[in-house]
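Convention: sequence-line order gives letters A, B, ...; per-chain numbering from 1. It should be emphasised that the depicted structure is a prediction, and the values quoted were computed from it without experimental measurement.
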There are 2 protein chains.
Amino acid sequence: MNTKRPHRPLTLRDVSEASGVSEMTVSRVLRNRGDVSAATREKVLTAARTLGYVPNKIAGGLASQRVNLVAVVIPSLSNMVFPDVLGGISAELDDTGLQPVVGVTNYSPPREDTVLYDMLSWRPSGVILAGLEHSKAARAMLDHAGLPVVEIMDIDGEPIDCAVGISHRRAGAEMAEEILNAGYRRIGFIGTHMPEDHRARKRLAGFEERLAEAGITLAAREYYQGNSSLLKGRELTERILTREPDLDFLYYSNDMIGSGGLLWCMEQGYDIPGKLGLAGFNGVELLDGLPMRLTTTDARRIDIGRRAARIVAGKEPPPEDGVIALAPTFLSGDTIRHR
Amino acid sequence: MNTKRPHRPLTLRDVSEASGVSEMTVSRVLRNRGDVSAATREKVLTAARTLGYVPNKIAGGLASQRVNLVAVVIPSLSNMVFPDVLGGISAELDDTGLQPVVGVTNYSPPREDTVLYDMLSWRPSGVILAGLEHSKAARAMLDHAGLPVVEIMDIDGEPIDCAVGISHRRAGAEMAEEILNAGYRRIGFIGTHMPEDHRARKRLAGFEERLAEAGITLAAREYYQGNSSLLKGRELTERILTREPDLDFLYYSNDMIGSGGLLWCMEQGYDIPGKLGLAGFNGVELLDGLPMRLTTTDARRIDIGRRAARIVAGKEPPPEDGVIALAPTFLSGDTIRHR
DNA sequence: CTGAAAGCGCTAACAT
DNA sequence: ATGTTAGCGCTTTCAG
């Protein structure tokens, strides 16, 4: 493969020689820097184009000590939630000359360390990373890197530099509040068994706290391993309702399993939201097309991406106290009683 | 922000001074290259760790003329299909020291050119990009780059270097075959209106060709703009069936709108697959959790990602004729009659 | 096994 | 408006 295309990568010097203009001026033209006469500009551009020159950012970055990359470190891509965050980030970065580069940790702290290390070794202009919980090593790296760090999604904790997100405790508490107000009392929880999913943990903590204030404890809980899928939602819903048939509400740790549960319950003929209420978390687009609208909380994913990107890009000053708190938004849907 | 953390990024020289070992030897230790005595090795490693040194790959890449990056250029992330491809790629790249870097084109050729240009300017070790249709400029860039190029997803066309994918014409034709064999005759098609989605176009072409061989033409078609979602699937299904109530099969250009259509039809009480059959394309995980299993074609996304990565990584020689053709796999599901 | 010298391709800073 | 010089931080190459 590729043996018939033995082209040596072109350099500035090649363009310089082809156009009869000094390397420095060629460089200026290619970066739109400094004043260059229209005539030489044309010569250079033509030469570059006909040769098919592509600048070498490795060399450029080393010389200028600046790299137009923003490292984005997230736990997962299959989650349906991170593409939205990324969307917000790219949209906001689009006119800044900065480029997002994505690293995925799979919710593994050692993997996060590796990914961070690798990304920092490219000397990016900034870092956006999910969550507030990081290894000592990771914090050390970020401290030494001397670049803007924005932690996203979560604000319940101490940011390294600054954080943009929602309070998951609050999201959980507010959902509990709504459920209690609607009159449900025998409440079950279905969530992933991931010690490293701190946001899910905090949501549940906030949820249970609010229940406790009303003198209520979770009547049942069910955990699963691996990816969230409709199928998992079905299976766990069946399991929890078989075990505890008199539950009147199920709180799911995300919309995907919540949707699976909703579909299963509808097939079984449960009276929703009359006898059984359901709620998820995230506010994903999928919910728009289901037979009933699952009650959920909008996690403000796109806004989070945008604000984080704005800060890294310097479009917006970092917050005084280091925290931008967005409000999780309750979406009542059809699967909770309206009073 | 960040004013309290003014650390200058550390260099090899810092580690060298801290450990009393020459820069060259430090470099050897940090890269596990050449023989270094266990003693000096320890000294260096300790120094590097306590300082919190992170190597500068910009400088390293410039000096060594090698960069352990693989550029991956895909049309979309929200498509639910590309995360799978990426999964295959990362899995296979994991033990090679190569890192995928993703660029997204949004199905826009000019945008593809820009993304490619930007990625090539980092001088990656290889390029994996979706599709066989590229601008003249893009082809020129790739020719001059002098690195392995693997075009993925599609094999109906002329690869620049080599291609890994399925024949979408064949996938469409095979689905047509199954539908005809099952006895359906009044067939409608619902797809996205995207001139740049060449694979969807080829699938439909293969589909219609096979129908034509049986003397049948599409009885109706409906196109939509924008993202595929359950909701769009519902709306378009309602529209096409209102317009042409006597259709007995709907072929969707992907599983997401197919699923939306399926849910809508079930709610309306259509006799599926008796009076109305449905099929999508891709074979996404979502289908596992729906009330009925949508008939579809497995597009072999993960395999495609793996094979492409293997070639770029040099784990597998590029195919003689430049093409690795995987077989699209028919998944019969519940929404087509079994004979 | 370790070190010294040269230079990767580009740009900052200073000429002119 | 354009050119010259030096060097970014690392690795290659060659000597010990």
Show me the protein contacts with nucleotides 1-5 of chain C, counting only N or O atoms at under 3.5 Å.
unit_1, atom_1, unit_2, atom_2, d
C:dT2, OP1, B:S37, OG, 3.1
C:dT2, OP1, B:T40, OG1, 3.2
C:dT2, OP2, B:S37, N, 2.9
C:dT2, OP2, B:T40, OG1, 3.2
C:dG3, OP2, B:S22, N, 3.3
C:dG3, OP2, B:S22, OG, 2.9
C:dG3, OP2, B:T25, OG1, 2.9
C:dG3, N7, B:R28, NH1, 3.2
C:dG3, O6, B:R28, NH2, 2.3

Taking [X] for its side chain and [Y] for its backbone only, find out whether a donor-acceptor pair lies under 3.5 Å.
{"X": "A:T50", "Y": "A:T46", "value": "yes"}
{"X": "B:D14", "Y": "B:T11", "value": "yes"}
{"X": "A:K315", "Y": "A:T96", "value": "no"}
{"X": "B:E151", "Y": "B:I160", "value": "yes"}

Partner set under salt bridge (Lys or Arg N to Asp or Glu O under 4.0 Å) for [X], not counting sequence neighbours:
{"X": "A:E133", "answer": "A:K202"}
{"X": "A:D321", "answer": "none"}
{"X": "B:D197", "answer": "none"}

Please check if the number of heavy atoms outside A:R31 that lie under 6.0 Å from its CZ is greater than 12. yes

So side-chain hydrogen bond (donor to acceptor under 3.5 Å, both in side chains) across residues 54-75 of chain A, not counting sequence neighbours, yields none

Keeping to residues at least two apart or across chains, list the side-chain hydrogen bond (donor to acceptor under 3.5 Å, both in side chains) pairs with something in residues 82-91 of chain A. A:D84-A:R301

Hey, what do you get for CD (A:E23) to OG (A:S19), rounding to the nearest 0.5 Å? 10.0 Å

Respond yes when some side-chain nitrogen or oxygen of [X] is under 4.0 Å from OP1 or OP2 of [N], and no when none is.
{"X": "A:T11", "N": "C:dG9", "value": "no"}
{"X": "A:R31", "N": "C:dA12", "value": "yes"}
{"X": "B:Q65", "N": "C:dG7", "value": "no"}

Expected output is a numbered-order residue list: members of residues 116-126 of chain B with a heavy atom under 4.0 Å from any atom of DNA chain C. What is it? none

Which of residues 46-63 of chain B have a heavy atom under 4.0 Å from DNA chain C? B:L62, B:A63

Answer whether the closest heavy-atom distance between the side chains of B:V164 and B:I128 falls below 4.5 Å. no

Would you call B:V102 and B:F82 a side-chain contact if the rule is heavy atoms closer than 4.5 Å? no

Name the first nucleotide and the last nucleotide along DNA chain D (5' to 3') that come under 4.0 Å of a heavy atom in chain A. D:dA1 to D:dG9

Check: residues 38-45 of chain B side-chain donor-acceptor pairs under 3.5 Å, at least two apart:
unit_1, atom_1, unit_2, atom_2, d
B:T40, OG1, B:S37, O, 3.0
B:T40, OG1, B:S37, OG, 2.6
B:R41, NH2, B:N32, OD1, 2.7

Can you list everything that forms a side-chain contact (heavy atoms from CB on, under 4.5 Å) with A:A137? Sequence neighbours excluded, please. A:D113, A:S135

Determine to 10° how strongly the helix from C:dC1-D:dG16 to C:dT16-D:dA1 is bent, judged from the axes of its five-pair ends. 30°

